[in-house]
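Everything on this sheet refers to the single structure shown next.
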There are 2 protein chains.
Amino acid sequence: MANYPHINRILVALDCIVFGFDGEDIKLLLIKRNFDPEKGKWSLMGGFLESDEDLEDATNRILYDLTGLKGIYFEEIQTFGKVNRDPVERTLSVCFFALINIHAHDQDSAKAQNAFWINLKNRPELIFDHNEMVDIALERLRYKAALHPIGFELLPEKFTIPQLQKLYEAIYDSLLDRRNFSRKILSTKLLLDTGEKNENSTTKKAILYKLDKDKYQKQFNAFHYFISDSVR
Amino acid sequence: MANYPHINRILVALDCIVFGFDGEDIKLLLIKRNFDPEKGKWSLMGGFLESDEDLEDATNRILYDLTGLKGIYFEEIQTFGKVNRDPVERTLSVCFFALINIHAHDQDSAKAQNAFWINLKNRPELIFDHNEMVDIALERLRYKAALHPIGFELLPEKFTIPQLQKLYEAIYDSLLDRRNFSRKILSTKLLLDTGEKNENSTTKKAILYKLDKDKYQKQFNAFHYFISDSVR
DNA sequence: TCAAAAGTGTTGACGGTACACCCATGT
DNA sequence: ACATGGGTGTACCGTCAACACTTTTGA
């Protein structure tokens, strides 16, 4: 079999922005590096693409190693390819973001990677071009979540509308009208009343909903206006 | 300087979907391959990433070689990384789409690459995963053009509203109401009346507009609803 | 019984859609 | 004058934002 001669092969990495939500704030799962290069500094979770591995499989592998979860929602953002972005050796980075339920992931997996949940607002300086990656990822999350029902990926299976609102308020760092938000969300018909209520509340217990998975699949690419123009 | 050992370097290519508009239909600039592999078949324009070249520079180089144009509008779509997507040797492909004014490009450059404008509706089978790339590119174009003012990139500097409408109708393969379209476009305040008219018309001569570049830059990331919900 | 949070209602403004009508141009 | 295409107007309807009121709960 013929080869492509005279072309340099390049190292290919993947880097992942993992978003979580603790009920109040958006968080990032970041690595305190106990390995070189840039040992001791903060970075995104990443890894190299193996020679016998599809790009998508590599993404799933990296996310599994970090969280112990399979079937995580993720989206490719962009491939970063400046010649000098990694000082050790030229490395292309295929960058993506993932959304997980912060309470569902495996703590031991995270510990093994030396990963910590950091409030997005207090994020430390990251190595290489990882700061830019986070900026772009957040932009993408905001863009996508305004139009498509991806917010649910950050919540537990059963959740209340006020919790969902808190999530959107955290994503867009702004306040939303309770009554309009509720109506807007319910009008999508994506939520099913579980019949249960949030027993943790000390005041009126909110209704617990879950996603209508069928409708979610079918309507995913339809536009919903989850966020008002003024916020967008 | 230390290296990352034991990791395979991979060939990295770029592939580009070039969209054009001839006044009636959306067209693709495709390559009739006179080189191996898959000589004689149709493919996207592409090239390899050089070892001393930023990813973005490579994109511009490839577009320049094909069209003789600089500063073309392009957007990264996705990086394709199935192990066997290129039968010759494993090759990652960073895929992007570009929008050009079909009349502005350099014919000799295209000829040198053996490139031809093909009506999107009559597109031939392409090699490798290039068919999928075109599908995704079209989806992205439709998505983006519904919300952001990128359609103008496909038109000459001066254009009429009916021309713009024809363009949107071609992108979405559907008919739009003339009167509502005009009002919607003008309400964005992105168009400047040049004072000139389209002298080619045999009936009433339409007003030639040009983009208000300042507003275009500032409002680019604001959402405009260029296309009605029913079409989206 | 009071405070805090959740659920439901109402209204006015705005934007979109579906229409009709008039104007300019060349044959 | 007439056919063709371009420009402007209007009326209805639905959606969204802004607002008030009621209900539930635990202290």
Side-chain angles (χ1 to χ4, degrees), chain A residues 23-24 145-147 155 158-170 172 174-210 219 222-232, chain B residues 23-24 145-147 149 155-156 158-170 172 174-210 219 222-232:
Chain A
E24 286 296 327
L147 301 170
L155 294 175
K158 296 176 185 178
F159 53 87
T160 69
I161 289 184
Q163 283 167 1
L164 188 61
Q165 182 176 344
K166 282 258 184 201
L167 168 63
Y168 277 90
E169 290 181 333
Y172 296 97
S174 53
L175 298 175
L176 302 173
D177 184 276
R178 197 166 49 84
R179 300 153 284 196
N180 294 332
F181 182 81
S182 171
R183 214 164 337 103
K184 190 176 283 193
I185 294 294
L186 290 174
S187 75
T188 65
K189 308 276 188 189
L190 285 169
L191 300 194
L192 293 174
D193 189 333
T194 63
E196 300 169 60
K197 300 205 165 183
N198 177 18
E199 296 299 332
N200 297 326
S201 172
T202 114
T203 63
K204 184 168 180 176
K205 297 177 193 341
I207 299 169
L208 282 164
Y209 291 91
K210 62 178 181 183
Q219 296 190 16
F223 289 146
H224 294 291
Y225 300 111
F226 290 103
I227 297 297
S228 65
D229 282 12
S230 54
V231 170
R232 276 195 307 243
Chain B
E24 286 295 327
L147 299 171
L155 293 176
K158 296 176 184 176
F159 53 87
T160 69
I161 290 184
Q163 283 167 1
L164 188 62
Q165 181 176 345
K166 281 260 185 198
L167 168 62
Y168 278 91
E169 291 182 331
Y172 296 97
S174 54
L175 298 176
L176 302 172
D177 184 276
R178 196 166 49 83
R179 298 154 285 196
N180 294 331
F181 182 81
S182 171
R183 214 161 341 100
K184 189 177 284 193
I185 294 294
L186 290 174
S187 74
T188 66
K189 309 275 187 187
L190 285 169
L191 300 194
L192 292 174
D193 188 333
T194 63
E196 298 169 61
K197 301 204 166 185
N198 177 16
E199 297 298 334
N200 296 326
S201 171
T202 117
T203 63
K204 184 169 180 178
K205 297 176 194 338
I207 299 169
L208 282 164
Y209 291 91
K210 62 178 180 182
Q219 296 191 16
F223 290 143
H224 293 291
Y225 300 111
F226 290 103
I227 297 296
S228 65
D229 283 12
S230 55
V231 170
R232 277 194 309 240

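In what follows, chains carry the letters A, B, and so on, assigned in the order in which the sequence lines appear, proteins first and then strands, with residues in each chain numbered from 1.
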For the residue pair [X] and [Y], establish whether any side-chain heavy-atom pair is separated by less than 4.5 Å.
{"X": "B:Tyr209", "Y": "B:Asp193", "answer": "yes"}
{"X": "B:Leu147", "Y": "A:Phe223", "answer": "yes"}
{"X": "B:Phe181", "Y": "B:Asp177", "answer": "no"}
{"X": "B:Glu199", "Y": "B:Lys197", "answer": "yes"}
{"X": "B:His224", "Y": "B:Pro149", "answer": "yes"}

Main-chain N/O of A:Ile185 paired to A:Thr188 side chain as donor or acceptor, under 3.5 Å: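 Yes; judged by distance alone, with no hydrogens or angles, the pair exists.
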Side chain A:Gln165, main chain A:Ser182, donor-acceptor under 3.5 Å: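 No, A:Gln165 side chain to A:Ser182 backbone: no donor-acceptor pair under 3.5 Å.
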Between [N] atom [atom2] and [X] atom [atom1], what is the distance in whole Å?
{"X": "B:Leu186", "N": "D:dT8", "atom1": "CG", "atom2": "P", "answer": "7 Å"}
{"X": "A:Lys166", "N": "C:dA5", "atom1": "NZ", "atom2": "P", "answer": "8 Å"}
{"X": "A:Asn180", "N": "C:dT8", "atom1": "CG", "atom2": "P", "answer": "14 Å"}
{"X": "B:Leu164", "N": "D:dG7", "atom1": "CG", "atom2": "P", "answer": "12 Å"}
{"X": "A:Arg178", "N": "D:dA20", "atom1": "CZ", "atom2": "P", "answer": "12 Å"}
{"X": "A:His224", "N": "D:dC16", "atom1": "NE2", "atom2": "P", "answer": "12 Å"}
{"X": "B:Lys184", "N": "D:dG7", "atom1": "NZ", "atom2": "C1'", "answer": "18 Å"}
{"X": "A:Asp177", "N": "C:dT8", "atom1": "CG", "atom2": "P", "answer": "15 Å"}

Tell me which of B:Arg183 and B:Pro162 sits closer to the 5' end of DNA chain D, going by the nucleotide each one is nearest to.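 Going by which nucleotide is closer to the 5' end, it is B:Pro162.
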Atom pair CD/CD of A:Glu24 and A:Gln163 - distance to nearest 0.5 Å: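 Interatomic distance, A:Glu24 CD to A:Gln163 CD, rounded to 0.5 Å: 10.5 Å.
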Please list, in numerical order, the residues of residues 190-200 of chain B that have a heavy atom closer than 4.0 Å to any atom of DNA chain C.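 Hits under 4.0 Å, by residue number: none.
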Which residues in residues 201-210 of chain B have at least one heavy atom lying under 4.0 Å from any atom of DNA chain C?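 Residues of residues 201-210 of chain B under 4.0 Å from DNA chain C: B:Thr202, B:Thr203, B:Lys204, B:Lys205.
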Looking at the base of C:dA20, is there any donor atom on it, or on the side chain of B:Arg179, that sits under 3.5 Å from an acceptor on the other one?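 By the distance-only test, yes, there is a pair.
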If the condition is side chain to side chain donor-acceptor pair (under 3.5 Å), which residues does B:Lys158 pass it with, not counting sequence neighbours?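 With sequence neighbours excluded, B:Lys158 shows a side chain to side chain donor-acceptor pair (under 3.5 Å) to B:Glu196, given in chain and number order.
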